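What follows is a set of notes on a single structure, which appears directly below.
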Amino acid sequence: MLALTYDVGNIWLDALLGLLAVVALMTLSTFMLIWLERKISARIQMRLGPMRVGPYGLLQTIADAVKLMGKEDLRPKTADRWVFELAPFAVFVPTFAAFVAIPFTRDWAVAFLDLGLFYVVAATGLSFVGFLMAGWASDNKYALLGGMRAAAQLISYEVPMVVTLVAVAMIAGSLNLSEIVLFQNRVPLFVWQPLGFFIFIVAALAELERQPFDIPTAESEVVGGPFIEYSGIRWSMFFLASYTGLMIYSLLGALVFLGGWEWPLGSAAGLWLQLILIFVKTSLFIAFFMWVRFALVRLRIDQLMSYCWKVLIPLAFLQVFLNGFVLVYGWPDGFLLLTSGAGLALAMYIIYRAVDTEPRKLRMVPARGGASSAQPATVDATGSE
Amino acid sequence: MTVAQLIFYVIAALAVAGGLGVVLARNTVYAALFLILALLAVAGIYILLASEFLALVQVLIYAGAITVLLLFGLMLTRVDDLEESMVGAQWPLAAVASALLMGLLITTVATSDWPGDADGMITRIPFETLGQALFRQWAVPFEIASLVLLIALVGAIVLTHDEEGDVEETK
């Protein structure tokens, strides 16, 4: 257990220091990410973004944090007190716990776990409980609908996420995050697993509830989703958890698919080079997630569900199946690229077909009475006559 | 008392508290939330026994997936409607039956001769051995179990799925 570069000696002090490091990292990165997101969104929309507080608005997030702390912590009178107040923690703690197993460099992690990959997935997968608690306890129909949507989305997209990570672990031959990174000494895994990489990015976007998958908090549909009744410090905890999740999934993607600190410099690289490598790769993911947010429009909930269950999950199983073939028969690594690339082409074709087809005609059914009593009308789904 | 024992007692107390909460909570959503607490505490006991894989599966599947179904069902029903049905007229009978079952379980556990009895040493079984046993030695029972689950899943979908465009007749 190397919490920091030197051994403290005392196991309890070691754990405490590790936790402190995680908390500090989480808070700092969240502050930076919020600023970055506002700046990137501003650039994409040809604005300047925050400019007033500090140089280039760098201190804007701190000003916002002070404002949020000062806000009154409101609770609706009819809300369920305990569930309402504990919900932010139920979202916050799992994402926080996932940080523990992430190796930032070869020797820097709070804990090196043999089942690290599995642990991160299991820990982040628990956060749905908090969304459901917040949605139910707020005693607000929009909050309840948002909480239900969040839970349904998180549970559904966890399946392709886990299956595709299983496919990657098959190739690397380990669930230990450090060993997976070391495996990518020469070639990072996104080369061998392009289909898995694609599924990971889509599933991560959905798990993070970012556009185009921000259905649980869609403003035009369920106002603010499960957070509608929250304010002040509790609301900012949800906010913090969402940006921590962004950090976790970006780090996981950088470690598992982009070769982490190992590729392309190798294990011999010094600590600083390793840190720079992991920072650059994580930033690539973060920038991509933010870019997608302002480039794509929101999906409908039925599109979200059918895309997950009818496209992503079969493709993820296909990836496992193909990897199994290549590994069992000992075919050369090139076959991995070949089969997975073919799978990716199939995924792209499916998306192309879905985008290219005519909008489905919706048949309106009468609200009351049998189908015989009222004439079913046919309406174009796009609204054009 | 060693540190491990102290941690065990804390986790065990949490598990028991969660279990009691499931049974005693008047509100069914509370009961489901207490169930998550109990399941997580059991995962903690698995970690103390050096079975990390089992613990993570417990978190991922039981705490993370099974209870979401319970919560879904409970949150979309009215809690007030269930208040009456929680205590039926036959509760003394149920209590006697539960007490008998509990006694039976405790005596069985206490009197059985377990192979490889706990002697203070924990035998770590690597997770590769587990995989070998599950997918090679016991592959057929594993496949049968998954087939049964698949059939149950397909059956549930067939029973609840309406064909698109079906109009339900009003009552």
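The figures here come from the full heavy-atom set of this structure, side chains too, leaving out hydrogens, waters and symmetry mates. Because the structure is a prediction, the values reported are computed rather than measured. A, B, ... follow the sequence lines: proteins, then strands. Residue 1 opens every chain.
Only the side chain of A:F128 comes within contact range of chain B, judged by heavy atoms closer than 4.5 Å. Only the side chain of B:L40 comes within less than 4.5 Å of a heavy atom in chain A; its backbone stays farther off. When heavy atoms are compared at a cutoff of 4.5 Å, A:L175 approaches chain B solely by way of its side chain, counted from C-beta outward. Contact of A:A90 with chain B is not made at all, since no heavy-atom distance falls under 4.5 Å. For a residue to count as touching a neighbouring chain, one of its non-hydrogen atoms must lie under 4.5 Å from one of that chain's; by this rule A:L144 touches chain B with the side chain only.
Highest contact tally toward chain A, considering only B:V59, B:V68, B:L33, B:V57, is held by B:V68 [criterion: heavy-atom pairs under 4.5 Å].
Distance check: A:L126 CG to B:I36 CD1 gives 8.0 Å after rounding to the nearest 0.5 Å. Taken from CG in B:L56 to CZ in A:F118, the straight-line distance is 5.5 Å, to the nearest 0.5 Å. How far CG of B:L71 is from CE of A:M133: 9.0 Å, rounded to the nearest 0.5 Å. Atom CG of A:L115 is separated from atom CZ of B:F127 by 5.5 Å, given to the nearest 0.5 angstrom.
Residue B:Y62 qualifies as open at atom OH: its count of foreign heavy atoms under 6.0 Å is 12 or below.
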Is there a side-chain contact (heavy atoms from CB on, under 4.5 Å) between A:V83 and B:Y30 once you walk through the steps?
CA-CA 8 Å; A:V83 181; B:Y30 283 2; 3.4 Å; yes
